[in-house]
Structures are given as C-alpha cells and as structure tokens.
Amino acid sequence: MLNKKIEYFVTLAECLSFTQAAAVHSVSQTAISQYIASLEGKLQVRLFNRNAHSVSLTDAGQFFYERVNFILRYDKDTKKRLIAIAEQYRGHVKVGIGMYESRHTEDFFSRFLIAHPEIKVDIFQYPYGALTEKLKSGELDVILANVLCEHAFAKEDILSRPMFEAYNYLVADRAIAAKYPQGDAVSMLRGECLITNCEDTGPNSMDMLRQMLLREFGVVPERFAQTNSTNAQMLMVRARHGVAIVPDIVPEAQESNLVRIKMNMGDMTRYDMVRLAGNNNPSAQMLMEFE
C-alpha cells in the first residue's frame with residue numbers, strides 16, 4: 001500500500017514545524033528533511049516554503065496535501081475491506097449514525113446481521129455535519145440520520161429510505177418546569193438555557209435551530225449550551241443547567257424526575273438511511289433494501 005513515510009509529509013503539512021513532525025514520528029529532524037527533499041525531487045515540485053523562521057505550504061504542496069489525505073482514507077479503507085475478505089466475509093459495509101438514531105435501530109441491525117452473517121458491518125457514530133462529509137468522501141457507505149442531512153446533497157446524488165419518525169419534546173427537570181405554567185414550552189424556552197446538540201455549521205447548525213425556533217414559537221432563547229452527545233445533553237438537563245429538545249425515542253428523557261412537553265412543530269421528524277447514488281458497494285445496497 002502507500003509508503004508509510006508519506007505520513008511525514010502529512011504531519012509536517014499540518015503542524016508546519018520540522019521539530020514537531022520529528023517528535024510525532026520519533027525520528028530526527030534530519031530524517032524528516034531528507035524525506036521531504038527526496039519527495040520534492042521525485043515530484044519535481046517544491047512542496048514547502050522554508051526559511052530560518054517559518055515553514056509554509058506552497059500552492060502545489062496544499063494541492064498535494066489534499067490529494068494525499070484523500071488517498072490515505074481509501075488506502076486504510078482498502079486494507080479493512082481486504083481483511084474482511086480474508087476473514088471470509090463476502091462483503092463489508094461501513095455505516096454512520098447520528099446521536100439519536102442508535103436508540104431506535106437495534107432491532108433492524110440485529111435482524112440484518114442474523115440474516116446476513118457473511119456481511120461485515122462496521123458502525124460509527126458522528127455529529128450530523130461529520131456524517132454528511134464522510135458520506136461524500138466515501139469514508140462511509142451509508143448513513144442513518146435526520147432528514148436534514150439530505151439537504152447537504154443534490155437530490156439526484158443520493159438514494160434514501162425512511163426508517164422511522166419521531167415527535168420532539170422539550171425536556172426539563174421538574175424543579176425547572178415548576179417555575180412556569182404547566183405545559184408552557186414557550187415561557188420555558190424564553191427563560192432557560194437551551195442545551196442542544198446542534199453544531200456551529202452544517203445541516204444541523206445553530207442558525208438552523210434559531211430559525212426553526214423563531215418560525216415555530218416566535219422566540220429564541222437568550223442562552224444556549226452546546227454538547228456533542230445525547231448523554232452529555234441529558235446530563236446537563238438532570239444537573240438543572242437548562243432544558244433540551246429531544247426526539248421521543250430517547251429513553252433518558254422519560255425518567256420520572258423529568259417533565260416532557262410535546263413540541264408543536266408540525267409533522268414528525270423523519271430519520272432516513274442514505275447512500276450516494278454512485279456507491280456500487282453491493283453490501284450497502286443490501287442494507288438499504290433490507291426489510
């Protein structure tokens with residue numbers, strides 16, 4: 001596969017320090033310098049601008065860095081798929097799921113694995129922004145996520161199937177809920193910190209959340225706290241740091257010390273399984289079509 005030393009180039013491109021790159025790989029600075037000089041000689045281009053005070057990528061170096069990262073991802077994926085074949089699996093599919101979706105898909109994956117023991121299935125959990133990027137790059141064959149993720153693609157570029165739907169609920173500790181009229185979600189949103197798994201950018205962004213709250217309830221909380229997992233989100237709710245909006249498939253939201261208020265947000269939220277239309281992995285197709 002790829003020469004292991006190509007990682008010297010990747011590390012140097014990311015840290016822009018021969019000293020740091022040498023430390024990362026436990027080699028001398030001379031070894032890093034000699035490899036980079038050899039690489040530039042083979043490619044017949046200068047990859048780095050360097051002087052006594054700084055190191056920076058040339059335009060060619062930036063382009064090469066992006067391509068090498070792309071190749072390295074597929075190199076690692078190829079190795080994993082070769083191992084799957086060697087272990088006598090007939091296929092291999094890499095699945096990404098969001099932060100809530102694991103709560104409602106155990107039965108589906110259990111039935112698929114029983115029906116297809118010849119397929120190696122790897123499942124990874126990521127925020128929605130990372131899911132869409134990894135699907136685009138080919139790091140994942142299939143994602144299972146909020147329908148919002150599909151907005152990151154042109155319709156003709158993906159294939160999808162609905163998996164389940166869920167209503168959203170505002171969840172708060174009883175001590176927090178007691179400060180407001182019963183069932184008054186708007187007052188609670190206005191007065192409390194909203195704890196959310198929304199990201200700074202991407203399909204599930206903070207801007208999207210603010211627009212949705214303003215559209216549906218005419219209010220945007222003054223305070224937000226961000227988390228990157230359902231467990232962290234519910235921990236902060238139980239710690240009375242604020243309130244959270246979560247789908248009704250989250251069992252932690254049904255604890256007796258919590259109050260749940262159904263959000264009047266129109267239709268139920270849909271969660272889909274999605275793959276790229278150009279993904280020709282037969283195992284991914286089998287997963288998508290499994291009933």
Side-chain angles (χ1 to χ4, degrees), residues 96-105 124-137 139-140 143-153 158 160 162-173 176-177 185-254 258-274:
I97 59 174
M99 286 169 287
Y100 299 119
E101 289 73 11
S102 62
R103 304 306 205 277
H104 208 62
T105 52
F124 305 89
Q125 189 170 40
Y126 296 106
Y128 289 144
L131 281 179
T132 57
E133 290 306 311
K134 290 179 183 295
L135 185 65
K136 288 178 181 178
S137 71
E139 289 182 69
L140 295 172
I143 64 171
L144 202 167
N146 189 306
V147 70
L148 282 171
C149 288
E150 296 176 36
H151 299 166
F153 302 87
I158 57 173
S160 68
M163 292 297 291
F164 60 89
E165 294 180 313
Y167 284 111
N168 288 315
Y169 282 77
L170 185 68
V171 181
D173 184 89
I176 296 290
V186 172
S187 294
M188 208 178 297
L189 285 169
R190 184 177 287 114
E192 299 296 328
C193 174
L194 181 60
I195 304 158
T196 176
N197 286 330
C198 286
E199 304 158 65
D200 291 332
T201 59
N204 192 43
S205 69
M206 292 296 296
D207 283 343
M208 178 282 301
L209 176 63
R210 290 186 178 93
Q211 292 171 16
M212 181 272 291
L213 291 170
L214 191 61
R215 182 178 65 251
E216 300 291 343
F217 306 107
V219 60
V220 176
E222 293 184 3
R223 295 174 292 143
F224 289 92
Q226 290 173 270
T227 62
N228 65 352
S229 73
T230 308
N231 288 338
Q233 188 181 28
M234 295 309 302
L235 182 154
M236 294 181 77
V237 169
R238 289 191 292 268
R240 302 176 183 176
H241 183 70
V243 299
I245 299 175
V246 299
D248 59 6
I249 57 175
V250 177
E252 297 92 330
Q254 301 177 28
L258 301 178
V259 171
R260 298 197 316 154
I261 302 173
K262 187 176 179 181
M263 304 296 285
N264 182 23
M265 297 166 65
D267 296 335
M268 301 172 76
T269 299
R270 200 176 81 232
Y271 296 82
D272 290 354
M273 185 175 288
V274 182

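Remember, it's a predicted structure, so these values are computed and weren't measured experimentally.
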Trainee: At their closest point, which heavy atom of Asp272 faces which heavy atom of Pro162, and how far apart are they?
Mentor: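 Heavy atoms only, the tightest pair is OD1-CA, 3.2 Å.
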Trainee: If you measure from CG on Asn197 to OG1 on Thr227, what distance do you get to the nearest 0.5 Å?
Mentor: 3.5 Å
Trainee: OG1 of Thr196 to CD of Gln226: how many Å apart, nearest 0.5 Å?
Mentor: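 Thr196 atom OG1 to Gln226 atom CD measures 7.0 Å (nearest 0.5 Å).
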Trainee: Take Leu189 and Met263 through the test side-chain contact (heavy atoms from CB on, under 4.5 Å) and record every step on the way to the result.
Mentor: CA-CA 11 Å; Leu189 285 169; Met263 304 296 285; 4.1 Å; yes
Trainee: Quick one: CG on Asn146 to CD on Glu101, what's the gap to the nearest 0.5 Å?
Mentor: 7.0 Å
Trainee: Between Gln233 and Tyr100, is any side-chain donor less than 3.5 angstrom from a side-chain acceptor?
Mentor: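 Looking only at side-chain atoms, Tyr100 and Gln233 do form a donor-acceptor pair, the distance falling under 3.5 Å.
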Trainee: Between Arg223 and Gly191 (side chain of the first, backbone of the second, donor and acceptor by atom type, cut-off under 3.5 Å), is there such a pair?
Mentor: yes
Trainee: Is any side-chain heavy atom of His151 less than 4.5 Å from a side-chain heavy atom of Pro203?
Mentor: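 No; the side chains remain at least 4.5 Å from each other.
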Trainee: Output the distance between atom NE2 (His104) and atom OH (Tyr271), rounded to the nearest 0.5 Å.
Mentor: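 Between His104 NE2 and Tyr271 OH, I get 10.0 Å after rounding to 0.5 Å.
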Trainee: Between Ala253 and Val246, what is the shortest heavy-atom contact and its length?
Mentor: CB-CG2, 3.8 Å
Trainee: Within a strict 4.5 Å, meaning less than it, do heavy atoms of the Pro221 and Leu213 side chains meet?
Mentor: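 Sidechains of Leu213 and Pro221: in contact.
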Trainee: Between Met163 and Met273, which heavy-atom pair has the shortest distance, and what is it?
Mentor: CG-N, 3.7 Å
Trainee: From Tyr128 OH over to Met208 CE, what is the distance, rounded to the nearest 0.5 angstrom?
Mentor: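 Separation between the atoms: 9.5 Å.
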Trainee: Working to the nearest 0.5 angstrom, can you tell me the gap between Met234 CE and Ser229 OG?
Mentor: 11.0 Å
Trainee: Among pairs that include at least one residue of residues 230-250, which meet salt bridge (charged side-chain N to carboxylate O under 4.0 Å, His left out), considering only residues two or more places apart or in two chains?
Mentor: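 Of all non-adjacent pairs touching residues 230-250, those that pass salt bridge (charged side-chain N to carboxylate O under 4.0 Å, His left out) are Asp173-Arg240, Arg238-Glu255.
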Trainee: Give the minimum heavy-atom separation between Cys198 and Met206, together with the two atoms involved.
Mentor: CB-SD, 3.7 Å
Trainee: Apply side-chain contact (heavy atoms from CB on, under 4.5 Å) to Val237 and Glu252, showing your working.
Mentor: CA-CA 10 Å; Val237 169; Glu252 297 92 330; over 6 Å; no
Trainee: Can you confirm whether Met188 sits close enough to Ile261 that some side-chain heavy atom of one is under 4.5 Å from a side-chain heavy atom of the other?
Mentor: yes
Trainee: Compare every heavy atom of Pro247 with every heavy atom of Ala166, then report the nearest pair and how far apart it is.
Mentor: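 What the structure gives for the nearest pair is CB-CB, 4.0 Å.
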Trainee: Treating Thr230 as the side-chain partner and Met99 as the backbone partner, does any N or O pair qualify as donor plus acceptor under 3.5 Å?
Mentor: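 Confirmed, Thr230 side chain pairs with Met99 backbone.
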Trainee: Does the side chain of Val171 come within less than 4.5 Å of Val250's, by heavy atoms?
Mentor: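 Val250 does not reach Val171 side chain to side chain.
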Trainee: Go through it in stages, so that I can follow the logic: the residues are Tyr126 and Thr132, the test is side-chain contact (heavy atoms from CB on, under 4.5 Å), and I'd like the CA-CA distance, side-chain angles, deciding distance and then a yes or no.
Mentor: CA-CA 10 Å; Tyr126 296 106; Thr132 57; over 6 Å; no
Trainee: Between Ser102 and Gln125, which heavy-atom pair has the shortest distance, and what is it?
Mentor: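 Here Ser102 and Gln125 meet closest at OG-NE2, 4.0 Å.
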